[in-house]
Amino acid sequence: MSSGSSEQCSDDEGADLLPVVNDGDAVDNEEIRNIVQDYCTRSVGSTDTMVANNDYAETCRTTEEWDKEVDIDADYDAVIVEDEFSIPNDLMEGMCFTRKTDLQFALQGWAIKNNVQYIVIASNRTKFTIVCAKHDCPVYPCLWRLHSAQSKRLGGVWKISSIKNQHRCVSPILDSGHRQCNSQFISFYILPTIRKKMDLKPREIIGRMESKFNIKVSYMKAWDARRKAIKVVFGSWEESYRTLNLFMDAVASVMPGTVYRIQSTQTNRFQRLFWAFGPSITGWKYCRPVLSLDGTFLLGKYRGTLLTAIGMDANNGLYPLAFAVVESECTESWIWFLRQVNELLPVVTNRPNLCIISDRHAGLVRGCREIFPNVAHRHCLRHLRENFKKAIRQMGLGDVDFLCQKMYAAGNTDDRSFFNRCMEDMRRIKVDIHQWLVDRDVSRWSLINDGGFRFGVMTTNAAESFNGVLKRARGLPIQALITAIYYNIISMFMRRLEFIATEEQQNNNFFAPRVHTSLRKVEEEARRMPEPIRLNLNEFQVVDMSSRSYRVDILDGRRCKCSCEKPMLYHSPCSHVVCCLALLRRSHFEYVSPYYTTTNYKLTYSGEFHHIPNKDEWGEHNPISGIMPLLPPNYRRRSGRPRTNRYRNTMDEAQAGSSRLCGACHLAGHNKATCPTRFNRRN
């Protein structure tokens, strides 16, 4: 099912053509491929770090918040790496450098370390001459001068030919705005670190410069230096877009089943990209029919958003299925993403009892209603909690955290009496709160009213957890980003296959480890219960340790029902069902969903990834066949400090209006100074 296509639409008015830079690509050589692979292997970590859960967790909405959040990344335990470029302590005539850039870096580092500054008076392909920045000082001029040239006799190396006079301008305090400490120097200095740590943050660069040179640099200069270093290591963003269609063709050709689609304008300007790797598509049919959809902002030169569709395997592990790079998390992009899932992934379209979990974004609500009308669309409980929090504040109620905890407990419980009690408590506090939750359709956000479509998954933490694994790979050019996702998935596949093989040798259980542990707990609860009362051939009465009575129906076709509703919600027998099956001398394993079995767990990761061909093995652009070079998108990042905000949808707290009231009339929408009653008060 290997396929790939490009879509063209009308070009945006006023779109200018950006120049194409041919200075490298993200997968142009094996060294860069190894850098990305090593990073992804370290990012995935153990299988325990990629497990979905229903816990509430705050998320970062902007790049600024992400950069300041120190808990997202592990603490950096060393300021200087072993293979940093060496900076000479002193300059001497006859010193040689392989390239001119090495010479320039050494001179800049030496000037910063020795508290001097210089200016360039001659620079071309064969010579490089600098003088002291204070050579024309009218009071106390410094006549220091250095000349270097490319030596043909030594094979083209650069050699310091002469150094005249000594510096006499050293000031006791280092200037925070050092002339030689520019973003180009910083980028050259951090190159070895970028190769090992692609998620290096600007604040870490600032700390390195202050530790090494006792000089403070601005955040924007550090960010720009990081961008330049990434360009040197992984190629330019423009070149990455230009050959994107050739790269995706190469990926699809070596991995059967891989699908992708590129949408571009009539002038071949990139707009959107959707892709899914073949092994991921093949394995998802053995996962639960649940997909979590979420988006995360990209951090590169051009603005954009990465949309993800993440499933869950038999052991509650995250399972990445499909991805898309779009302009933003808007209505049109989400509808386009869902349409590609519907058209290119029959394994999703033809899946019975499919459940999609997402926030209440307008594009997702509309897309699921129009494109997946027969799918159970459920809402993320964590996003609903944030919106509920905003609604409480607008109502002017106190103790917001208590009400939010009460609402989250009501949505996450599998006990109907507890759900009703929580809802009644909120109704007693304020009827509007209760009505607000009822208007959001309790079947879409509460577990007990779900009908069993969720398989117990209440949030989109699965998708957001995988987005967190990518970390600063989101700041790479698009081909490097795809390569990082590719190796992330490969590392995840290999680690889990090793984990499955170890479990088979040590335990050889019929179900995945976490499911097996849950079943053991259910069995222990069933042992403590009194013997059930058989009312007829299929119906039983079970009384638990708290003296609560339950009705259990053991039906044909390995189906069971219980008045506690847990077998329907989790697709696994509860302790009451296990107690009744024990009376009938039947195994309760037969009533557990096959999605939880070790066989499905192993088949999920049975697909094989293959080596992506090098660039010289790709095809060529052919205007006749319609394969044209792509131009970068129009949504380029604006100048200034990066402030790419996450799209504020209806599930997030928005700045739609102020909840403050007027001090005079106690109404919203104005303050005391602009109150309409101020004239009456004056009279």
Side-chain angles (χ1 to χ4, degrees), residues 79-151 154 157-194 202-226 228-229 232:
V79 178
I80 302 174
V81 295
E82 295 179 357
D83 55 347
E84 286 181 346
F85 288 109
S86 59
I87 298 175
N89 295 323
D90 200 2
L91 299 176
M92 297 178 292
E93 294 182 357
M95 292 182 67
C96 296
F97 301 89
T98 305
R99 299 173 300 173
K100 183 180 179 181
T101 53
D102 296 336
L103 168 67
Q104 292 173 313
F105 172 78
L107 293 176
Q108 286 180 283
W110 174 83
I112 296 173
K113 287 180 64 176
N114 291 273
N115 198 17
V116 295
Q117 300 185 75
Y118 63 81
I119 59 176
V120 180
I121 61 173
S123 177
N124 53 37
R125 295 182 178 180
T126 59
K127 66 178 181 179
F128 187 75
T129 306
I130 58 177
V131 297
C132 180
K134 297 184 178 181
H135 70 286
D136 56 352
C137 179
V139 180
Y140 198 67
C142 180
L143 304 179
W144 180 86
R145 178 187 179 95
L146 183 146
H147 176 73
S148 60
Q150 189 177 28
S151 176
L154 298 178
V157 300
W158 286 77
K159 178 182 177 181
I160 297 180
S161 303
S162 63
I163 301 178
K164 297 182 179 180
N165 303 318
Q166 295 291 329
H167 268 290
R168 298 185 297 176
C169 57
V170 180
S171 56
I173 300 177
L174 186 64
D175 189 359
S176 60
H178 199 284
R179 182 190 296 268
Q180 271 64 57
C181 190
N182 52 26
S183 61
Q184 188 66 36
F185 168 77
I186 300 174
S187 68
F188 202 74
Y189 175 70
I190 64 175
L191 272 179
T193 310
I194 285 291
R203 62 182 177 85
E204 293 178 316
I205 298 175
I206 295 173
R208 288 171 180 270
M209 296 302 297
E210 187 171 1
S211 175
K212 179 71 175 181
F213 303 105
N214 292 323
I215 187 171
K216 294 182 179 180
V217 297
S218 65
Y219 181 94
M220 192 61 231
K221 182 180 289 187
W223 184 89
D224 192 43
R226 179 185 175 276
K228 291 179 179 179
V232 171

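- Between the side chain of S187 and the main chain of Q184, a donor-acceptor pair closer than 3.5 Å is present.
- Annotation: ring pair (Phe, Tyr, Trp, His ring centres under 6.0 Å) contacts of F185 (sequence neighbours excluded): F105, F213.
- Shown here for Q180 and V116, the closest heavy-atom pair between the two residues is OE1-O, 4.2 Å.
- Residues R226 and I205 have side chains in contact (heavy-atom distance under 4.5 Å, counting atoms from C-beta outward).
- The two residues A106 and I87 make their nearest non-hydrogen contact at O-CG2, 4.4 Å.
- T98 is not listed as a side-chain neighbour of V157, based on a closest heavy-atom distance of 4.5 Å or more.
- Two residues are said to be in side-chain contact when any heavy atoms from C-beta on lie closer than 4.5 Å; K216 and I206 fail this criterion.
- Residues passing the side chain to side chain donor-acceptor pair (under 3.5 Å) test with T129 are H147, sequence neighbours excluded.
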Practice item. Applying side chain to side chain contact (heavy atoms under 4.5 Å, CB included), run through I215 and E210 and close with a yes or a no. Key: CA-CA 5 Å; I215 187 171; E210 187 171 1; over 6 Å; no
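- A cation-pi arrangement is found for R168 relative to Y140, the charged atom lying closer than 6.0 Å to the ring centre and inside a 45° cone about the ring normal.
- Using a 4.5 Å heavy-atom threshold, the side chains of S123 and K100 count as touching.
- Within the 4.5 Å cutoff, the side chain of C181 has heavy atoms near those of the V217 side chain.
- A distance of 12.0 Å separates NZ in K228 from CG in L191, rounded to the nearest 0.5 Å.
- For the pair P88 and L91, the tightest heavy-atom approach, listed with the atom from each and the gap, is CG-CD2, 4.0 Å.
- Considering only heavy atoms from C-beta on, I119 comes within 4.5 Å of V131 through its side chain.
- Proximity of H178 to Q117: side-chain heavy atoms (C-beta onward) are separated by under 4.5 Å at one or more points.
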Review point. What's the verdict on side chain to side chain contact (heavy atoms under 4.5 Å, CB included) for H135 and Y118, showing C-alpha distance, side-chain angles and the deciding distance?
Key: CA-CA 9 Å; H135 70 286; Y118 63 81; over 6 Å; no
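- Using a 3.5 Å distance cut-off with no hydrogens or angles, the side chains of K113 and N89 do pair a donor with an acceptor.
- With rounding to the nearest 0.5 Å, the separation of CG in L107 from CE in M95 is 8.5 Å.
- Of the possible polar contacts, one joining the N124 side chain to the T126 backbone as a donor-acceptor pair under 3.5 Å is found.
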Practice item. Evaluate the side chain to side chain contact (heavy atoms under 4.5 Å, CB included) criterion for residues C96 and L154: first the C-alpha distance (whole Å), next the side-chain angles of each, then the deciding distance (0.1 Å), finally the verdict. Key: CA-CA 9 Å; C96 296; L154 298 178; 4.1 Å; yes
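- Within the model, atoms OG1 of T101 and CH2 of W158 stand 10.0 Å from one another, a figure rounded to the nearest 0.5 Å.
- Here CZ of R145 is found 12.5 Å from CD1 of I163. Values are rounded to the nearest 0.5 Å.
- Under the 3.5 Å distance criterion, the side-chain polar atoms of S148 are matched with a main-chain donor or acceptor of F128.
- A tilted orientation is assigned to the rings of W110 and H167, their planes being inclined by 30° to 60°.
- Here the shortest heavy-atom pairing between L143 and N165 reads O-ND2, 2.9 Å.
- Put simply, the side chain of D102 never gets that close to the backbone of F97: no donor and acceptor are under 3.5 Å apart.
- To the nearest 0.5 Å, atoms CZ (F188) and CD (Q108) are separated by 9.5 Å.
- Nearest approach of A133 to R179, heavy atoms of both residues: CB-NE, 4.1 Å.
- Distance CG/N115 to CG/N214: 10.5 Å, rounded to 0.5 Å.
- Side-chain contact between V232 and I194: absent, with no pair of heavy atoms (C-beta onward) separated by less than 4.5 Å.
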